[in-house]
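Written below as structure tokens is the structure these notes are about.
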There are 2 protein chains.
Amino acid sequence: MDVHGQQKAQEALDVEIKSFFDSAPPLRNIENVSEDLKKFIEMNSSGTRSARKVVCVTSGGTTVPLEQKCVRYIDNFSSGHRGAASTEYFLKAGYSVIFLYRKGTCQPYCSLLPDYPFLECFEFTHGSGIQVRQPYSEAVKWAISEHHAAVADGTLLKLPFTTIFEYLQILHMVATSLRSLGPYALFYLAAAVSDFYVPWESMAEHKIQSGSGPLDMRLVQVPKMLSVLRSEWAPTAYCISFKLETDVKILLEKANAALKKYKMHMVIANELLTRKEEVTLVTDNENIHVRRDPKQVGNEVEKHIIEHIVEKHSTYVDDLDQKVSRDTGS
Amino acid sequence: MDVHGQQKAQEALDVEIKSFFDSAPPLRNIENVSEDLKKFIEMNSSGTRSARKVVCVTSGGTTVPLEQKCVRYIDNFSSGHRGAASTEYFLKAGYSVIFLYRKGTCQPYCSLLPDYPFLECFEFTHGSGIQVRQPYSEAVKWAISEHHAAVADGTLLKLPFTTIFEYLQILHMVATSLRSLGPYALFYLAAAVSDFYVPWESMAEHKIQSGSGPLDMRLVQVPKMLSVLRSEWAPTAYCISFKLETDVKILLEKANAALKKYKMHMVIANELLTRKEEVTLVTDNENIHVRRDPKQVGNEVEKHIIEHIVEKHSTYVDDLDQKVSRDTGS
């Protein structure tokens, strides 16, 4: 595409994005989110170069309402396990984490617990009241103490979303807030974001009636916010997105295309069935294949992913710092 | 519709239902579900007239996969609160309950707790380990002890589902298993069941690509299983279905139509925004308007709904018993 064509495409995208946000229902308790974010970033950035690195981990699927008074919606499959486990390793590596998660999905430190830990992990005895059930005692102690410590220390900020409208509005707020951290900010976009949506103003107000015949629906594409995240919202942050496919034949090709198209620093390619075992970290100059060692207990693939990212992000920060030093002659 | 027309419609429905079940992906661990059900019904039916009444409460929304290797699906909004709370009141009234619930939705005895009770209700102290946090101590004790008691006594059987395919297959199994209880069986169908689905064989195998342009989808109607539940699966059970609308103007009319069309014994009409405050119990000869008393703490609308149902179901059983006595001359 020539320069003129690129400019045209950019203008078209800007119009799409403006129309998406203009038509989105306004975010509830926007003041609280904004206040929490402000406090969190102040606390976690001292303004010096030794400031803490901050990562925004997005997790879980976004929903697309099909009716304004919503009864039906389209959802993306995601347990939120990847985002939750990655959050643990980022915290361990010294990052502060903004965990932007789908309400109801997996929480950090809880991935080893059963689906309903509250009902499964405790028992009541008339003698001693509520007790942790034996097989879970270590996992429960670890989950509750680590989780509470991170929240209490102010190194973990949790922001829930449900719809695609909420997700993109909060992501926008987070990104512009993190802009001040420059390269110390990292985006780890593990959420399964809807590709298609029904624009709010063209949505049925009431429940769609199932009177007669099939239901035909037309969904339009969600504008690709990754480009504006990179170019406008937080232009010097390190950005990692995910590519999930079910067809392994097209996976790396798709990941590479996304890397170039959205100018990501890294795209993590994963296939639905093997995603807990292995992924490929696709960057400009290399593909790193990461695999869980199944012989080691508690060894999650996220451990290795985060190790690689911490290293790459560190190099990125140092390079930019040196560049700034050179440019300012200091 | 004349008799000939009715027969035609019935034949068309039979074909649709057969095609739905034939094309559905086979239920995983079907043997376990079948075994659990068998044990539960044996335990809760002595074969005499004083046998325990058994209710099947369905709860939460069903999903409709849009891809065979499922990344995207259509979902119906439902927290599962109605089904969970109703289960508590049925157990209290002496019923045994088969709780057919959407994985991840609200569980009986947990409705007063926060969204993530495991993380919110407990704390860890180095002195005394895991403890219940003060404001929740009574609610947690009640939830865990009542829930475990019901499961341990064998009066509560919990069966999870996710997709519309799983839901209807398990409901079919439950209904044919409960047939032996005759009028002592009750169906309380509070689940938000999808009206439209994509037949398995016409479904994309892989993730739908978002390459270019809008996505057009054609969904076909899920065959109305309520009719066959009444006519074939469990013809003498007492059947209650729900009608949820967002437009209050059409609600009672729709509920009445469903009562007649599916030969339900009762349809519970509720409107999305006020459903926790009031509902109307629509039967052949009366409409009972039920309202929560907001002045009484812990007073849920389900308490009053279940009181009315227990009474109606009791009359229904007595009437059928008397009829049998008359017919057999005993």
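Reminder, nothing fancy here: chain letters follow the sequence lines and each chain counts from 1.
Within the 4.5 Å cutoff, the side chain of B/Gln131 has no heavy atoms near those of the A/Ile130 side chain. By the 4.5 Å heavy-atom criterion applied to side chains, A/Arg72 and B/Phe77 are not counted as neighbours.
The contact list for residues 146-160 of chain B toward chain A, using heavy atoms and a distance under 4.5 Å, reads B/His147, B/His148, B/Lys158 by residue number. Contacts from residues 108-120 of chain A to chain B, taken as heavy-atom pairs separated by less than 4.5 Å, involve A/Cys110, A/Leu113, A/Asp115, A/Tyr116, A/Pro117, A/Phe118, A/Leu119 in sequence order.
Only the side chain of A/Ile250 comes within less than 4.5 Å of a heavy atom of chain B; its backbone N, CA, C and O stay farther away. Contact annotation for A/Val222: neither backbone nor side-chain heavy atoms come within less than 4.5 Å of a heavy atom of chain B.
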Might you work through the side chain to side chain contact (heavy atoms under 4.5 Å, CB included) test for B/Ile74 and A/Asp75, ending with a clear yes or no?
CA-CA 6 Å; B/Ile74 297 184; A/Asp75 205 343; over 6 Å; no
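In terms of non-hydrogen atom pairs under 4.5 Å with chain B, the most contact-rich of A/Ile144, A/Val220, A/Leu273 is A/Ile144.
Minimum interatomic distance between A/Ser145 and B/Phe124 (heavy atoms only, all atoms of both residues): CB-CD2, 3.4 Å.
In this structure, the separation between SG on B/Cys121 and CZ on A/Phe122 is 9.0 Å, given to the nearest 0.5 Å.
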